[in-house]
> 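This is the structure I want to talk about, given as structure tokens.
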Amino acid sequence: MTSVIQNARVLQDDFLPKEIVHRHEAVNQMSKALEPVLEDDRPQDTFLVGPSGAGKTCIARYTVDQLQEQVLDIKSHYIDCWQHSNRFRVLYKILEGVKTSYDIHRSTPEDEMIARIQSVDSPYLLILDEVDQLDDMEVLRKLYPMPHITMVLIANRREEVLSTLDERLQSRLRSSVTIRFDRYTQAELVSLLDDRITWGLAPDTITTDQVHRIADVAAGNARDAISILRSAARNADHEGASEIRDSDISSAIPAAREELHEQNLKKLNEDQHAVYDILTDEGELPPNEIYDLYADRVSEPKTKRTVRTYLRKLEDYDLVRATGNGPNRTYEARDR
DNA sequence: CCTCCACCGGAACGGAGGGGGA
DNA sequence: TCCCCCTCCGTTCCGGTGGAGG
């Protein structure tokens, strides 16, 4: 029994290819900034900015890995600030990277954690992904003066991060190396997909046309493209097909979106869900009506202020779209 | 142009809950 | 065991913002 998927690992979001198909320029810039670490010198902090799915995370991890292969005594750690957005968690993850988090607990004083980070004696490259999601930039200020720590910051927009910092830190970070990423072109996405297909799928299980179709739909977003490919291949396997059919791709497109949607829905609590359900049931609504319906629906409604926070969160998750300002503002559920 | 109004989101506060240490 | 310290979550208060309408 042959199957379409040969190596599922290769199709995962966080799979790191051995070779970078594109973005050589970005890799070069970044290595150049970090290379001083090889000569025992202080590397430059770097800022990777650009839209999602443009390869920022991949390039950052790849480049750091490469450096680590050359010099053993470099530590590094990848932290997704979306998942670890508060100070404690970030500090904890940093310590995890140097294997000294074993006895850290919720009540460990922050100073203690900072002191431990400070006592690391070898270079430490810290990748902070989605750094704009950090709810307290104080961490950055604490980390910046530490000579052995080099930060690689990843965000959609550079100014969005900088504007939340105090002036001193701002001006220091402005002098860091900034590498800008654009969306992948159609051709780049195709070859990127081809690469995954070669290692991840059995030979001749997908046509060139199909790959192009995926690349079109993904609109420059590599994460989406890979997600659609993965979903189509799974679907073909699931139905016992020996190759990917057009129908697998057709259903993979909404399925890939659905997957993200489901992941986001799972993160919501009961009240947040109620707010979201109201918007899917009723369509577009102004805030006060949302609140009234919400208050009817749940037995112990939270305050308006809290619901505002919920709506903001739903917006961040792309579950809800807000239009208009002031009294004209309305919200609606996003169609998947 | 000015004022009103609905709404936004920051700040400060406090209670609940969890975990370590005496 | 109790106490302390920490985070998490929701609350109250409030200044800011941008349309609508005089």
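Order of the sequence lines sets the chain letters (A, B, ...), proteins ahead of strands, with each chain counted from 1.
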> For residues V298(A) and E300(A), determine if any side-chain heavy atom of one lies less than 4.5 Å from a side-chain heavy atom of the other.
no
> Any chance you could list the contact pattern along nucleotides 10-22 of chain C? Use B for base contacts, S for sugar-phosphate-only contacts and - for none, protein heavy atoms under 4.0 Å, 5' to 3'.
SBBB----BSS--
> Tell me which residues in residues 284-296 of chain A put a heavy atom below 4.0 Å from DNA chain B, sorted by number, or none.
P287(A), N288(A)
> Using atom names, set out every protein N or O paired with an N or O of nucleotides 14-16 of chain B below 3.5 Å, distance rounded to 0.1 Å.
none

> Would you tell me whether R245(A) and S251(A) have side-chain atoms, one donor and one acceptor, within less than 3.5 Å of each other?
no
> Starting at atom OH of Y92(A), determine the distance to atom C1' of dT7(C), rounded to an integer number of angstrom.
15 Å
> For a quick check under 3.5 Å, do E259(A) and S227(A) share a side-chain donor-acceptor pair by atom type?
no
> Parallel, tilted or perpendicular: which one describes the rings of H273(A) and Y276(A), with boundaries at 30° and 60°?
perpendicular
> Give a yes or no on whether F15(A) and I214(A) share a hydrophobic cluster (residues Ile, Leu, Val, Met, Phe, Trp, Tyr; joining criterion: side-chain heavy atoms under 4.5 Å apart).
no
> Does R61(A) CZ have over 12 foreign heavy atoms under 6.0 Å away?
yes
> Please determine whether the number of non-hydrogen atoms from other residues, nucleotides or ligands lying under 6.0 Å from atom CG of D204(A) exceeds 12.
no
> Using a 6.0 Å cut-off, check whether atom CD of Q263(A) has over 12 heavy atoms from anything other than its own residue.
yes
> In plain terms, say whether K267(A) and D316(A) are close enough for a salt bridge, that is, a side-chain N and a carboxylate O under 4.0 Å apart.
no
> Minimum heavy-atom separation for A155(A) to F47(A), with atom names?
CB-CE2, 4.5 Å
> Is the distance from OP1 or OP2 of dG9(B) to the nearest side-chain N or O of R312(A) less than 4.0 Å?
yes
> Could you state the NZ-P distance from K313(A) to dC8(B), rounded to the nearest angstrom?
17 Å
